[in-house]
Amino acid sequence: MKQQVNLEIMEFVEKQILPRYIKFGESHGLRHVNRVIKNSIELAQTTGADIDMVYVVAAYHDLGMEGPRAIHHITSGKIISSDARLKKWFSVEQIKIMKEAVEDHRASASRQPRSIYGKIVAEADRDLDINEVFTRAIQYGQEKYPEKNQDEQWERFKKHMEEKYGRNGYIKLWIPNSPNSQKLRNIQDIIDDKEKLKKIFSEIYQKIKR
C-alpha cells in the first residue's frame with residue numbers, strides 16, 4: 001500500500017486549491033483544512049484507502065464555503081467533479097467517488113457516507129481535539145455574530161456544544177474504534193460540567209479577542 005501522496009498532486013493542491021481557503025476566516029480557513037488533510041492521511045494508512053484520493057477529498061471538502069454554508073458540502077462536490085485538471089491523475093469513477101465523499105462529509109448528515117472516502121473525510125473533519133473543537137466554535141461565533149457580547153456568545157456556544165457534541169448530539173462517527181471515539185467522550189464529559197465548560201470558554205474567548 002502506497003504511504004505517500006503523489007508529489008505532483010500535492011504541488012497542484014498546495015498551489016491551486018489550498019490558497020482558496022484563506023478567505024474563509026479562522027474557523028474554516030487554511031489551518032482547518034491542513035488539519036483535516038493530516039487527519040485524513042492518518043486514517044488512510046489505517047484503513048487501506050487510496051492515499052491520493054483521500055488527500056484530494058480532504059483538500060476540496062470545504063471549498064463550497066465560497067457560497068452558502070448550509071449547502072457548502074453540495075457545492076464542494078460540484079467543484080471537485082467539475083475540475084477537469086483532476087482527470088490527469090484520476091479516472092471518471094474515482095472522481096465520482098471523491099465527489100460523493102465531499103458531499104457526505106457534513107457533521108449534520110443523518111445518513112452514513114457512501115464510501116470509505118466519505119467516512120474518512122467526515123471523521124477527519126470532526127477533528128475532536130478538545131481545544132480545537134472549542135476554539136473553532138468560538139471563532140465561528142465571533143465571525144458570524146460580531147454584534148454579540150461575551151455572555152451572548154457563551155449562550156450560543158453552550159447551545160451549539162449540546163446540539164452537536166452532547167450525549168444526544170447529532171455528530172456521528174463512522175469508523176469503529178477510531179481515536180475520535182475517546183476524544184468525543186472526553187468532550188461530552190466537559191459539556192456535562194457546565195462550570196468547567198464556561199471556564200474553558202472564557203479563557204479561549206479572551207485569548208482570541210486579543
> Are K158 and E155 close enough for a salt bridge, meaning some N to O gap below 4.0 Å?
Replying inline: yes
> Can you find a heavy atom in the side chain of D62 that is under 4.5 Å from one in the side chain of V33?
Replying inline: no
>> I'd like to know if the side chain of D52 reaches the main chain of V5, judged simply by a donor and an acceptor atom lying under 3.5 Å from each other, with no hydrogens or angles considered.
In response: no
> Is the shortest side-chain N to carboxylate O distance from R31 to E132 below 4.0 Å?
Replying inline: yes
> Mind checking whether Y117 and V56 have side chains closer than 4.5 Å, heavy atoms only?
Replying inline: no
> Given side chains that start at C-beta, do those of Y145 and Q153 come closer than 4.5 Å, heavy atoms only?
Replying inline: yes
> Just by distance, with hydrogens left out, do Q188 and D192 show a side-chain donor and acceptor under 3.5 Å apart?
Replying inline: no
> Within 45 degrees of the axis of the six-membered ring of Y140 and under 6.0 Å from its centre: does R156 put its NZ or CZ there?
Replying inline: no
> Side chains of I71 and P68: closer than 4.5 Å at any heavy-atom pair?
Replying inline: yes
> If every non-hydrogen atom of L63 is compared with every non-hydrogen atom of S76, which pair is closest and at what distance?
Replying inline: N-OG, 3.4 Å
> Should the pair K198 and F201 be classed as cation-pi, given the thresholds of under 6.0 Å to the six-membered ring centre and 45° from the axis?
Replying inline: no
> Is it true that R167 and E162 have a side-chain N and a carboxylate O under 4.0 angstrom from each other?
Replying inline: no
>> Taking the basic N atoms (NZ, or NE/NH1/NH2) and the acidic carboxylate oxygens, is any pair closer than 4.0 Å for D104 and R111?
In response: yes
> For the ring pair Y205 and F157, is the centre-to-centre distance below 6.0 Å?
Replying inline: no
> Around E147, counting heavy atoms of other residues, nucleotides and ligands shown, do more than 12 lie under 6.0 Å from its CD?
Replying inline: yes
>> Can you tell me if K148 has over 12 outside heavy atoms packed within less than 6.0 Å of its NZ?
In response: yes
>> I'd like to know if K199 and E203 make a salt bridge, using a cut-off of under 4.0 Å between side-chain N and carboxylate O.
In response: yes
> Taking atom CH2 of W89 and atom CD of Q94, what is their separation to the nearest 0.5 Å?
Replying inline: 13.0 Å
>> Could you check whether Q139 and R136, counting side-chain N and O atoms only, form a donor-acceptor pair closer than 3.5 Å?
In response: no
Counting only pairs under 3.5 Å, give me each side-chain donor-acceptor contact of residues 78-85, with atom names and distances, residues two or more places apart or in other chains.
residue, atom, partner, partner atom, Å
S81, OG, G77, O, 3.1
S81, OG, K78, O, 3.2
S82, OG, K78, O, 2.8
S82, OG, I79, O, 3.3
D83, OD1, R85, N, 3.2
D83, OD1, R85, NE, 2.9
D83, OD2, Y60, OH, 2.7
D83, OD2, R85, NH2, 3.0

> Below 4.0 angstrom, N of the basic side chain to O of the carboxylate: do K15 and E11 qualify?
Replying inline: yes
>> Donor-acceptor pair, distance only, cut-off 3.5 Å: does the side chain of Y55 make one with the backbone of Q4?
In response: no
> Taking atom types as modelled, is there a side-chain donor on D125 or H32 under 3.5 Å from an acceptor on the other?
Replying inline: yes
>> Suppose we call two aromatic rings close when their centres sit under 6.0 Å apart. Are H72 and H105 close by that rule?
In response: yes
> Hey, are the side chains of V54 and L43 touching, using non-hydrogen atoms and a 4.5 Å cut-off?
Replying inline: no
> Considering residues at least two apart in sequence or located in another chain, which fulfil the side chain to side chain contact (heavy atoms under 4.5 Å, CB included) criterion with K23?
Replying inline: R20, E66
>> Can you confirm whether more than 12 heavy atoms, excluding those of K87, are under 6.0 Å from its NZ atom?
In response: no
> Would you say E123's side chain and W174's backbone share a donor-acceptor pair under 3.5 angstrom?
Replying inline: yes
> Are side-chain heavy atoms of I190 and D193 found at a separation under 4.5 Å?
Replying inline: no
> For the residue pair I191 and L197, what are the closest heavy atoms and their distance?
Replying inline: CA-CD2, 4.2 Å
> So do N6 and M10 actually touch side chain to side chain, heavy atoms under 4.5 Å?
Replying inline: no
> Is any side-chain heavy atom of V121 closer than 4.5 Å to a side-chain heavy atom of N39?
Replying inline: no
